[in-house]
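For reference, the structure is listed below as structure tokens.
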Amino acid sequence: QVRFVESGGGSVQPGGSLRLSCTAPRNTFTLYGAGWYRQIPGKDRELVAGITASRDATYADSVKGRFTISRDSTTNTAHLQMNNLTPDDTAVYFCNRFPTPSLYWGQGAQVTVSS
């Protein structure tokens, strides 16, 4: 059972920034890639950004130019730098493998953007 632990969520005003972090068991992201997903209550979970094992990055159109995904093989972590946040970015953010998530999801990190 793969365990993902997200951190770094919080509340910010529009235009603000947050950096999310995720830890996973050893070599998870190196072997399977890392993705950040988000979910709004009542809606399906959606991909925000993903980076493959070969470090090819993909972004949802809504976050291109504002969010940056990265992963660190030495610490088995993945990060999502989020800049110029808008209220539409309010959601619970999860990390998992990318492009094929595992069946096991962490608790996620709440991100709230409001004035």
Nearest-0.5 Å distance, [atom1] of residue [X] to [atom2] of residue [Y]:
| X | Y | atom1 | atom2 | answer |
| --- | --- | --- | --- | --- |
| I69 | T58 | CD1 | OG1 | 9.0 Å |
| D89 | T112 | CG | OG1 | 11.0 Å |
| D44 | R38 | CG | CZ | 13.5 Å |
| N83 | R66 | CG | CZ | 9.0 Å |
| S11 | L85 | OG | CG | 11.0 Å |
| T68 | R19 | OG1 | CZ | 9.5 Å |

>> If you apply the rule side-chain contact (heavy atoms from CB on, under 4.5 Å), what do you find for V92 with E6, and how did you get there?
In response: CA-CA 10 Å; V92 179; E6 300 91 350; over 6 Å; no
Is the shortest side-chain heavy-atom distance between [X] and [Y] below 4.5 Å?
| X | Y | value |
| --- | --- | --- |
| W105 | N96 | yes |
| P87 | V113 | yes |
| S73 | R55 | yes |

>> Which residue is it: Y32, Y104, F29? I am looking for the one with a side chain to side chain contact (heavy atoms under 4.5 Å, CB included) to R97.
In response: Y32
>> Consider side chain to side chain contact (heavy atoms under 4.5 Å, CB included). Of M82, Q110, Q39, which one does Y93 pass it with?
In response: M82
Listing request: all disulfide bond (SG atoms under 2.5 Å apart) pairs with a residue in [range], at least two apart in sequence or in separate chains.
| range | answer |
| --- | --- |
| residues 22-115 | C22-C95 |
| residues 48-91 | none |
| residues 49-92 | none |

> Does anything in residues 42-82 pair up under ring pair (Phe, Tyr, Trp, His ring centres under 6.0 Å), and if so which pairs, sequence neighbours excluded?
Replying inline: none
>> Hydrophobic clusters here meaning ILVMFWY residues chained together by side-chain heavy-atom distances under 4.5 Å, can you tell me if V12 and L80 are in one?
In response: yes
>> Is there a continuous path of hydrophobic side-chain contacts, each under 4.5 Å between heavy atoms, that joins F4 to Y37?
In response: no
> Within 45° of the ring axis of F94 and under 6.0 Å from its six-membered ring centre, is that where the NZ or CZ of R45 lies?
Replying inline: yes
> Got a sec, which residues hit side chain to side chain donor-acceptor pair (under 3.5 Å) with D88, two or more places apart in sequence or on another chain?
Replying inline: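 Partners of D88 by the side chain to side chain donor-acceptor pair (under 3.5 Å) criterion come out as none, since no residue qualifies.
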> With distance as the sole criterion, is a donor-acceptor pair present between the side chains of T75 and T77 under 3.5 Å?
Replying inline: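 Note: T75 and T77 side chains meet the donor-acceptor criterion.
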Give me the atom names and distance for the closest heavy-atom approach of [X] to [Y].
| X | Y | answer |
| --- | --- | --- |
| S115 | P14 | N-CD, 3.8 Å |
| I51 | F98 | N-CD2, 3.6 Å |
| V111 | L18 | CG1-CD1, 3.9 Å |

>> Can you list everything that forms a salt bridge (Lys or Arg N to Asp or Glu O under 4.0 Å) with R71? Sequence neighbours excluded, please.
In response: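 Partners of R71 by the salt bridge (Lys or Arg N to Asp or Glu O under 4.0 Å) criterion come out as none, since no residue qualifies.
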>> How about CZ on R3, more than 12 heavy atoms from neighbouring residues, nucleotides or ligands closer than 6.0 Å, or not?
In response: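 Atom CZ in R3 is not packed in, count stays at 12 or less.
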